[in-house]
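Heads up: the structure comes next, in structure tokens.
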Amino acid sequence: QVQLVESGGGLVHPGGSLRLSCAASGFTLDYYTVGWFRQAPGKEREGLICISKYDGSTYYADAIKGRFTFSRHSAKNMVYLQMNSLKVEDTAVYYCAAGYDNTCLISYDNGMDYWGKGTLVTVSS
């Protein structure tokens with residue numbers, strides 16, 4: 001089965017940190033462009049990070065630059081999103097995605113073939 005499964009969400013206070021994980025099965029993430037996205041209640045899905053498989057370039061959305069960081073562990077076929085200095089407005093369901101032909105140059109979600117079901121992050125006092 002081709003799957004992406006996010007984990008690590010939960011409740012965190014403003015200013016706190018959280019690390020999300022994305023585990024892939026049925027395909028190898030190293031051969032795909034990968035990305036992180038989120039969708040807050042009542043809002044459209046927002047692209048956060050896109051990592052090109054072609055040259056390894058990492059693109060960050062302005063809303064999370066300097067606070068969120070992408071990493072990966074190829075041997076585990078997993079990628080991660082380290083979230084620091086969390087704000088109330090970061091509250092959302094967070095998704096990872098992967099695409100075989102996505103260059104990240106049109107939009108972060110262009111050509112994404114596989115999506116996880118998401119993990120909820122709630123930032124609240």
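Computed from a prediction, not measured in an experiment: that's the story for all the values here.
Between the Asp113 side chain and the Tyr100 main chain, a donor and an acceptor come within less than 3.5 Å of each other. Side chain of Thr33 to backbone of Lys53: a donor-acceptor contact under 3.5 angstrom is found. Judged by distance alone, the side chain of Asn77 and the main-chain N or O of Ala23 form no donor-acceptor pair under 3.5 Å. Judged purely by atom type and a 3.5 angstrom limit, Tyr60 uses its side chain to pair as donor or acceptor with the backbone of Phe70. Asn102 contributes no side-chain N or O that, together with a main-chain N or O of Met112, makes up a donor-acceptor pair within less than 3.5 Å. Without hydrogens or angle criteria, Asn110 side chain to Leu105 main chain gives no donor-acceptor distance under 3.5 Å. Remark: side-chain polar atoms of Glu6 are paired, donor with acceptor, to backbone N or O of Lys117 under 3.5 angstrom.
Atom CE of Met78 and atom SG of Cys96 lie 9.0 Å apart (nearest 0.5 Å). To the nearest 0.5 Å, atoms CG (Leu86) and NE2 (His13) are separated by 12.0 Å. Rounding to the nearest 0.5 Å gives a distance of 12.0 Å between CD of Gln39 and CG of Leu120.
Summarising the geometry of Ala63 relative to Glu46, their closest heavy-atom pair is CB-OE2, 3.7 Å, with the distance given to 0.1 Å. Considering every non-hydrogen atom in both Ser17 and Ser85, the closest pair reads OG-N, 4.3 Å. Closest non-hydrogen pair, Gly99 versus Tyr32, comes out as C-CD2, 3.4 Å. Taking all atoms of both residues into account, the shortest heavy-atom contact from Pro14 to Val88 is CG-CG2, 4.1 Å. Nearest heavy atoms, Tyr95 versus Gly116: CD2-O, 3.4 Å. Here the closest non-hydrogen pair linking Asp109 and Ser107 is OD1-OG, 2.9 Å.
With sequence neighbours excluded, the residues satisfying side-chain contact (heavy atoms from CB on, under 4.5 Å) with Ser74 are Asp30, Arg72. For Thr122, there are no side-chain hydrogen bond (donor to acceptor under 3.5 Å, both in side chains) partners, not counting sequence neighbours.
Put simply, Ile106 and Ile51 are part of two different groups of oily side chains (I, L, V, M, F, W, Y) that touch within less than 4.5 Å, one to the next. One hydrophobic cluster, built from ILVMFWY side chains closer than 4.5 Å, cannot hold both Leu20 and Phe37; they sit in different ones. Val93 is not connected to Val34 by any chain of hydrophobic side-chain contacts under 4.5 Å among Ile, Leu, Val, Met, Phe, Trp and Tyr, and they are in different clusters.
Inter-residue side-chain proximity for Met83 and Asp90 is flagged as unmet; no heavy-atom pair is nearer than 4.5 Å. Counting only heavy atoms from C-beta outward, the side chains of Phe27 and Leu4 approach each other to under 4.5 Å. Side-chain atoms of Asp101 and Tyr54, non-hydrogen and from C-beta on, do get closer than 4.5 Å to each other. Two residues are said to be in side-chain contact when any heavy atoms from C-beta on lie closer than 4.5 Å; Ile49 and Ile64 meet this criterion.
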Checklist line | Derivation and outcome, side-chain contact (heavy atoms from CB on, under 4.5 Å), residues Ser124 and Leu11 | finding: CA-CA 7 Å; Ser124 176; Leu11 176 64; 4.1 Å; yes

Margin query: Would Phe68 and Trp36 count as a ring-ring contact (aromatic ring centres under 6.0 Å, His included) here? Give the steps.
Written below: CA-CA 10 Å; Phe68 292 10; Trp36 282 97; 9.7 Å; no

Next item on the list: Begin with the C-alpha distance, continue with both residues' side-chain angles, and end with the deciding distance and a verdict on salt bridge (Lys or Arg N to Asp or Glu O under 4.0 Å) for Asp62 and Lys65.
Entry: CA-CA 5 Å; Asp62 290 341; Lys65 281 182 179 178; 3.3 Å; yes

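None of Val5, Val79, Leu81 except one satisfies the side-chain contact (heavy atoms from CB on, under 4.5 Å) rule with Cys22; the exception is Val79.
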